[in-house]
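Just so it is clear: chains get the letters A, B, ... in the order the sequence lines come, proteins before strands, and each one is counted from 1.
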Amino acid sequence: MRGILPRKIKGFRDLGPELTRVKWDIIHSASQIYRNYGFEHWDTPVIEYADCLGKYLPESDSVAEGVYSFQNPEKEPVYQTDGKELRDENDHVVMENHFLTLRYDLTAPLARVYAEKLWAQFLRNQVQENKTPLFRRYQYGPVYRFEHKLDPGRFREFWQLDFDTVGSDDVSVDAEACMILSDAMEALGLKRGDYLVKVNNRKLLKGFLYHLGIDTDEKEQTVLRVIDKVDKIGIQSMGEELGEGRMDVSGARIPGLGLDKTVIHQIMDFLQKFSDSEKRAHVLEALEKSGIMNQYTQEGIQELHRIDSTLKAIDFLEDRVIFSPSLVRGMGYYTGPVFEVESTQTFKDEKGRERRVGSICGGGRYDNLVKNLLGIKVPATGASIGVDRLAELLFLTNRLPSVTQPTGPVLVIVFDDELMPEYQVIARELRNKGVNTEVFYGFQRGLKKQLAYADQKNCPVAIMLGEDELKKGVVTVRDLRLGKEMSSEIANKDEWKKNAQFEVQRELLIDKIVSMI
RNA sequence: GCCGACGUAGCUCAAUGGUAGAGUACUUGACUGUGGAUCAAGUUGUUAUGGGUUCAAAUCCCAUCGUCGGUUCCA
């Protein structure tokens with residue numbers, strides 16, 4: 001017989017109070033920075049029409065690999081390119097169960113929002129390239145990807161925290177994105193030097209590879225994919241992989257791209273030449289001297305110059321933002337500057353091995369944001385904080401120790417059902433003063449149980465009111481925080497009790513508690 | 001998808017073909033209205049699942065499932 005096993009979908013998780021708190025800390029402090037730069041908060045649905053996200057139907061050739069899709073139970077009209085309903089030979093509107101997709105990032109929905117706003121004008125042919133409106137928004141929320149392989153720290157449901165500027169091709173926006181990322185990292189508690197914003201320009205790589213005879217998008221993509229791994233596998237292995245392939249430590253054979261030896265050496269030289277430069281100006285100088293000049297590299301260098309001078313003007317030096325000509329960022333859709341925030345911190349895993357956290361934010365410029373939807377180029381640039389990655393980082397490196405053990409509520413102990421109304425009055429009065437207060441409602445009402453509960457929730461204070469106190473017109477207050485401090489030193493139970501516990505007149509209770517919190 | 005390692009109590013892990021154990025957690029008591037520490041007692045298992053070899057399997061073999069590490073792919 002089939003039964004029900006309580007369980008979660010792989011790659012989805014429950015977040016306890018500690019992680020939840022870290023997560024919202026990140027969101028609040030970073031959002032504050034985004035607003036500080038003028039971005040407005042938007043939110044969009046978790047589910048979208050598959051075609052609007054640039055994902056097409058499972059039966060078509062471009063199978064929506066990697067996303068969660070399903071058919072809408074409701075039939076709706078099919079549209080033509082001019083926005084009118086598609087009709088059959090009998091002039092009936094063609095109806096379909098459209099495919100729906102859980103959003104896999106926040107950028108695709110942004111494109112939909114932007115295109116939807118422009119749609120009416122677009123139909124009237126009033127939308128022109130280079131005249132599209134400026135739109136700046138930030139957004140956070142869960143996104144969903146159907147990953148086959150789930151590395152630790154990689155999930156199928158995870159949160160992103162994006163800001164994007166649509167409708168500007170000025171690279172000052174890219175420079176600004178670096179400022180924002182840097183400010184955001186510091187706002188949520190990272191110290192200068194705990195992180196580095198790394199910047200590169202896709203045009204530079206494109207121009208360089210073009211110079212080496214790698215002149216098609218397809219070739220470029222495969223080469224970039226290998227270059228992207230250099231941090232992970234080292235320059236030597238990367239070279240092997242560009243050439244004849246290599247043997248992995250595990251014995252797996254990794255096929256190479258079969259590039260020419262001289263080409264490979266030039267790529268390796270290029271990457272090594274810049275990996276040691278610390279000054280942005282030095283990198284630019286070296287790039288100019290390299291003599292690889294074509295349309296792409298020229299534009300790329302010029303843009304980096306602009307970014308450098310913008311950052312320099314407000315004293316964003318190399319302790320925050322560096323140029324890193326080897327930075328690729330996997331995705332193919334970037335067209336200009338790309339950036340990434342790397343955590344320089346390490347932590348020890350459960351086996352005591354030193355581990356790096358790596359990249360925690362990424363972004364860049366992409367000119368084809370709404371190309372699918374409006375058919376025109378709209379320049380956009382933006383970046384995304386990987387909230388869950390960052391939460392884990394803060395957790396692992398213990399950057400926020402106070403967050404890992406949040407203070408619990410004041411606990412009102414329940415001795416007697418008859419006194420419940422009075423317990424509620426006390427709780428009410430405390431809450432009105434802004435003190436988090438909980439009345440104990442558990443089954444097991446032994447005092448021991450209730451105090452153990454308070455201890456487990458890290459309550460600072462317990463309030464006890466029973467028959468004895470009622471007769472005297474007092475309330476017993478137990479300072480759990482003080483008690484915890486003393487517990488390591490004091491063995492004598494009575495003395496311990498004497499110090500951490502006292503009686504107070506009922507009418508003085510609230511002020512007393514407030515002063516203790 | 002491919003290569004490798006691992007899977008024993010809620011958790012962390014022992015037991016090298018011969019009776020399945022410890023720490024921790026949990027429950028109860030010492031303390032009948034008092035957290036921690038201490039002490040005492042108690043509960044916890046189809047050794048991932050299914051098959052095979054053997055007088056005898058947690059242990060050896062095969063398959064399946066799961067976890068981890070590496071690799072491939074990734075809008």
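Between the P atom of B:A75 and the NZ atom of A:K371 lies a distance of 18 Å, rounded to the nearest Å. In this structure, CG of A:L411 is placed 18 Å from P of B:G33, rounded to the nearest angstrom. Atom CZ in A:R154 sits roughly 12 Å away from atom P in B:C73 (whole-Å rounding). Across the protein-nucleic acid pair, A:R145 atom CZ and B:C73 atom C1' stand 14 Å apart, rounded to whole Å. When the P atom of B:U34 is taken as reference, atom CG of A:L465 falls 17 Å away, rounded to whole Å. If you take CG of A:L451 and P of B:G36, they are 9 Å apart, rounded to a whole angstrom. Distance CZ (A:R445) to P (B:U34): 17 Å, rounded to an integer number of Å. To the nearest angstrom, C1' of B:A75 lies 12 Å from CD of A:Q221.
Donor-acceptor pairing under 3.5 Å, judged by distance alone, is absent between the side chain of A:R225 and the base of B:C73. You won't find any donor-acceptor pair under 3.5 Å spanning the side chain of A:Q450 and the base of B:U34, going by distance alone.
Here the side chain of A:M464 is nearest to one of B:G33, B:U71, B:G35, namely B:G33. When the nucleotides B:G66, B:U71, B:U34 are ranked by their closest atom to the side chain of A:K229, B:U71 comes out on top. Of the candidate nucleotides B:G33, B:G36, B:C73, B:G33 has the atom lying nearest to any side-chain atom of A:L447. Of the listed nucleotides (B:G66, B:A75, B:U34), B:G66 has the atom at the smallest distance from the side chain of A:K10. Ranking B:C74, B:U72, B:U67 by closeness to the A:E241 side chain, first place goes to B:U72.
Contacts of A:N368 with the nucleic acid, taken as non-hydrogen atoms under 4.0 Å apart, are absent.
Taking for each of A:L480 and A:D105 the nucleotide of RNA chain B with the nearest heavy atom, the 5'-most of the two is the partner of A:L480.
For A:L242 against A:V223, the heavy-atom pair with the smallest separation is CD2-CG1, 4.1 Å. The two residues A:L15 and A:K23 have their closest heavy-atom pair at CD1-CD, 3.9 Å.
The separation of B:C31 from B:U8, taken at their C1' atoms, amounts to 38 Å, rounded to a whole angstrom. A gap of 48 Å separates the C1' atoms of B:G36 and B:U64, to the nearest Å. Taking the P atom of each, B:A5 and B:U38 are spaced 42 Å apart, rounded to whole Å. Taking atom C1' on both B:G66 and B:A25, the two are 25 Å apart, rounded to the nearest angstrom. Distance check on atom C1': B:U72 versus B:A9 gives 39 Å, rounded to whole Å. Here, B:G52 and B:U12 have their C1' atoms 33 Å apart, quoted to the whole Å. Nucleotides B:G23 and B:A41 have their P atoms positioned 12 Å apart, rounded to a whole Å. Nucleotides B:A14 and B:C6 have their C1' atoms positioned 16 Å apart, rounded to a whole Å.
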Under the side chain to side chain contact (heavy atoms under 4.5 Å, CB included) rule, what do A:K449 and A:F443 come out as? Steps first, then yes or no, please.
-> CA-CA 10 Å; A:K449 291 286 182 203; A:F443 278 116; over 6 Å; no
Start with the C-alpha gap between A:K219 and A:D215, add the side-chain angles, then the distance that decides, and say whether salt bridge (Lys or Arg N to Asp or Glu O under 4.0 Å) holds.
-> CA-CA 7 Å; A:K219 281 195 216 163; A:D215 50 6; 3.6 Å; yes
Give every donor-acceptor pair under 3.5 Å between a side-chain atom in residues 380-388 of chain A and any protein atom, sequence neighbours left out.
from: A:T381; atom 1: OG1; to: A:D174; atom 2: OD1; distance (Å): 2.6
from: A:T381; atom 1: OG1; to: A:G364; atom 2: O; distance (Å): 3.2
from: A:S384; atom 1: OG; to: A:D162; atom 2: OD1; distance (Å): 2.7
from: A:D388; atom 1: OD1; to: A:W159; atom 2: N; distance (Å): 2.6
from: A:D388; atom 1: OD2; to: A:R13; atom 2: NH2; distance (Å): 2.4

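A:F39 meets the ring pair (Phe, Tyr, Trp, His ring centres under 6.0 Å) test with A:F163; sequence neighbours excluded. Residues satisfying the salt bridge (charged side-chain N to carboxylate O under 4.0 Å, His left out) criterion with A:E241, sequence neighbours excluded, are A:K229, A:R246. Shown here are the ring pair (Phe, Tyr, Trp, His ring centres under 6.0 Å) partners of A:F208, two or more places apart in sequence or in another chain: A:F270. Listed by chain and residue number, nothing satisfies the side-chain hydrogen bond (donor to acceptor under 3.5 Å, both in side chains) test with A:Q236 (two or more places apart in sequence, or in another chain). In terms of the salt bridge (charged side-chain N to carboxylate O under 4.0 Å, His left out) criterion, A:D169 has no residue partners (sequence neighbours excluded). Judged as a salt bridge (charged side-chain N to carboxylate O under 4.0 Å, His left out), and not counting sequence neighbours, the contacts of A:R136 are A:E176. Under the rule for a side-chain hydrogen bond (donor to acceptor under 3.5 Å, both in side chains), A:S324 has no partner lying at least two apart in sequence or in another chain. Applying the salt bridge (charged side-chain N to carboxylate O under 4.0 Å, His left out) rule to A:K198 yields the partners A:D231, A:E342; only residues at least two apart in sequence or on another chain are considered.
Both geometric conditions, a ring-centre gap below 5.5 Å and a plane tilt below 30°, are not fulfilled together for A:F415 over the base of B:G33.
Checked for salt-bridge contact, A:R506 and A:E429 meet the test: a charged N lies under 4.0 Å from a carboxylate O.
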Using Watson-Crick or G-U wobble pairs with both distances under 3.5 Å, give me RNA chain B in dot-bracket, 5' to 3', with [ ] for crossers and | for pairs to another strand.
-> (((((((..((((....[..)))).(((((.......))))).....(((((..]....))))))))))))....
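Near RNA chain B, meaning a heavy atom under 4.0 Å away, the residues from residues 467-478 of chain A are A:E467, A:D468, A:E469, A:R478.
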Show the distances under 3.5 angstrom between N or O atoms of the protein and N or O atoms of nucleotides 23-30 of chain B.
from: B:U28; atom 1: OP2; to: A:K449; atom 2: NZ; distance (Å): 2.9

